[in-house]
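Before any comments, here is the structure.
Along the sequence shown, residues are numbered consecutively beginning with 1. None of these values were measured; they are calculated from a predicted model.
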Amino acid sequence: MKKMLFILLGLLSVTAYAKPMVIVSILPQQVFVEKIAKDKVDVTLMVKPGNSPHSYEPKPSQMISISKADIYFSIDVEFEHTWLDRFKSQNRELKFVNISENVSKLGMAEHHHHEEHEKGFDPHTWTSPKNVKIMAKSIYETLVEIDPENESFYKSNLDDFIKEIEFTDTQIKDILKDIEPKSKFMVFHPSWGYFANEYSLIQIAVEVDGKKPKPKEIIAVINEAKEESVRVIFTQPEFSDKSAQIIAKEANVSVKKISPLNPNWSKNLIAMAKAIASE
């Protein structure tokens with residue numbers, strides 16, 4: 001009898017102190033959550049490194065995590081549009097919070113015959129420090145809602161993270177201080193619209209409507225690269241850069257790989273600014 005009571009008390013203790021389980025879509029989100037929650041929550045990442053959030057399909061093991069989770073922090077990346085409803089049916093108790101809900105969305109700029117047109121919203125909201133502040137506040141408020149006992153802990157961590165975001169912003173502005181407003185940089189996949197918007201820059205996208213450019217479009221991009229004196233094309237490890245390599249060779253520019261999904265969020269944005277400043 002005593003042994004059974006001991007086991008029961010042990011199980012109750014584990015239940016009482018179980019950490020909230022949080023699911024995030026992309027690596028930068030995981031970083032943001034861990035900046036504020038530290039070790040108070042268990043975080044599961046959906047889109048593993050090397051994969052694209054545009055076309056990702058969750059693994060069976062991740063669906064099991066969904067069934068046990070307390071919070072899903074979404075961020076409006078493309079795969080969520082297909083999968084969030086399925087996640088909801090998997091776990092009716094799961095709390096969904098879109099941390100980009102209060103972010104002012106930009107249109108997805110595509111390169112097409114020397115012009116840019118909008119097609120849907122650009123989901124890469126986290127490339128802007130201003131936006132990350134908004135997301136951090138959303139994460140903090142949600143954590144406090146489900147775990148009010150640790151409010152002061154989360155608030156202290158939020159304050160520290162806000163200082164880090166502001167320091168990152170200050171460094172980027174300093175790096176770009178000699179760059180003319182509306183200066184252009186070339187990217188294969190248009191992932192840096194919010195970064196460009198925040199720092200008065202313009203991204204020229206090689207990709208057309210999410211598809212590889214056709215030969216005539218490649219020629220147009222090569223000509224534009226020459227006209228704009230572009231010296232580098234930014235590509236991502238999540239996408240093929242064959243077209244970018246062709247353009248780079250013909251336009252005599254270099255290719256640099258930099259992923260907006262890099263978990264070292266602050267260093268990554270600073271590296272992007274340095275690369276643009278050195279063009």
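Sorted by first and then second residue, the ring-ring contact (aromatic ring centres under 6.0 Å, His included) pairs with a member in residues 20-48 read Phe32-Phe161, Phe32-Trp265; sequence neighbours excluded. The list of ring-ring contact (aromatic ring centres under 6.0 Å, His included) pairs with a residue in residues 126-147, not counting sequence neighbours, reads His124-Trp126. Pairs of residues two or more places apart, or lying in two chains, never qualify as side-chain hydrogen bond (donor to acceptor under 3.5 Å, both in side chains) while including a residue from residues 41-50.
Closest of all the heavy-atom pairs between Ile26 and Pro53 is CG2-CB, 4.0 Å. Residues Pro260 and Pro28 come closest through the heavy atom pair O-CG, 3.7 Å. Heavy-atom minimum distance, Leu27 versus Leu261: CB-O, 3.5 Å. Ser25 approaches Val77 most closely through the heavy-atom pair CB-CG2, 4.1 Å. Listed here is the closest heavy atom pair of Gln62 and Pro58: OE1-CA, 3.3 Å. Scanning both residues, Pro129 and Asp169, for their nearest heavy atoms gives CB-CB, 4.2 Å.
Lys95 forms no cation-pi arrangement with Tyr72, by the criterion of a distance under 6.0 Å to the ring centre and an angle within 45° of the ring axis.
In this model, no donor atom of one side chain and acceptor atom of the other lie less than 3.5 Å apart for Tyr56 and Glu80. Counting only N and O atoms by type, the side chains of Tyr199 and Ser128 include no donor and acceptor under 3.5 Å apart. At a cut-off of 3.5 Å, with distance as the only test, a side-chain donor of Asp147 or Asn150 sits close to an acceptor on the other residue.
Interatomic distance, NZ of Lys38 versus OG of Ser156, reported as 8.5 Å (0.5 Å rounding). The distance from atom CD1 of Ile139 to atom CG of Leu158, rounded to the nearest 0.5 Å, is 9.5 Å. To the nearest 0.5 Å, atoms CE (Met63) and NZ (Lys68) are separated by 13.5 Å.
Remark: the backbone N or O of Thr127 is not paired with any side-chain donor or acceptor of Asn131 at under 3.5 angstrom. Side-chain atoms of Gln203 do not come within 3.5 Å of backbone N or O of Phe185 as any donor-acceptor pair. In this structure, the side chain of Glu198 does not engage the main chain of Tyr194 through any donor-acceptor pair within 3.5 Å. For Asn91 (side chain) and Ile66 (main-chain N/O), a donor-acceptor pair under 3.5 Å exists by modelled atom type. Using modelled atom types, no side-chain atom of Ser183 and backbone atom of Ile179 make a donor-acceptor pair closer than 3.5 Å. For Glu224 (side chain) and Ile219 (main-chain N/O), no donor-acceptor pair under 3.5 Å exists by modelled atom type. The closest donor-acceptor contact from the side chain of Asn262 to the backbone of Asn268 lies at 3.5 Å or more, if one exists at all. The backbone N or O of Asp39 sits less than 3.5 Å from a side-chain atom of Lys19, completing a donor-acceptor pair.
Taking the side chain as every heavy atom from C-beta outward, Lys105 and Asp76 approach each other to under 4.5 Å. Here the side chains of Met135 and Phe73 are not in contact, with every heavy-atom distance at 4.5 Å or above. Residues Ile99 and Gln29 have side chains in contact (heavy-atom distance under 4.5 Å, counting atoms from C-beta outward). Contact annotation: the side chain of Val221 approaches that of Met186 to within less than 4.5 Å [non-hydrogen atoms, C-beta and beyond]. The side-chain heavy atoms of Ile75 and Thr125, taken from C-beta on, include a pair separated by under 4.5 Å. Contact check for Leu106 versus Asn197: side-chain heavy atoms found under the 4.5 Å cut-off. Glu34 has its side chain within reach of Val43: a pair of non-hydrogen atoms, C-beta onward, lies under 4.5 Å apart. Between Asp160 and Glu164 the shortest side-chain heavy-atom distance does not fall below 4.5 Å.
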**Message:** Please evaluate residues Lys163 and Asp159 with respect to the criterion salt bridge (Lys or Arg N to Asp or Glu O under 4.0 Å), reporting the C-alpha separation (whole Å), side-chain torsions for both, the decisive distance (0.1 Å), and the verdict.
**Reply:** CA-CA 6 Å; Lys163 288 176 185 176; Asp159 291 343; over 6 Å; no
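Residues passing the ring-ring contact (aromatic ring centres under 6.0 Å, His included) test with Tyr154, sequence neighbours excluded: none. With sequence neighbours left out, the salt bridge (Lys or Arg N to Asp or Glu O under 4.0 Å) criterion links Lys256 to no other residue. Lys59 meets the salt bridge (Lys or Arg N to Asp or Glu O under 4.0 Å) test with no other residue; sequence neighbours excluded.
Side-chain rings of Phe188 and Phe234 stay apart, their centers remaining 6.0 Å or farther from each other.
With respect to the salt-bridge test (charged N to carboxylate O, under 4.0 angstrom), the residues Glu250 and Lys226 do not qualify.
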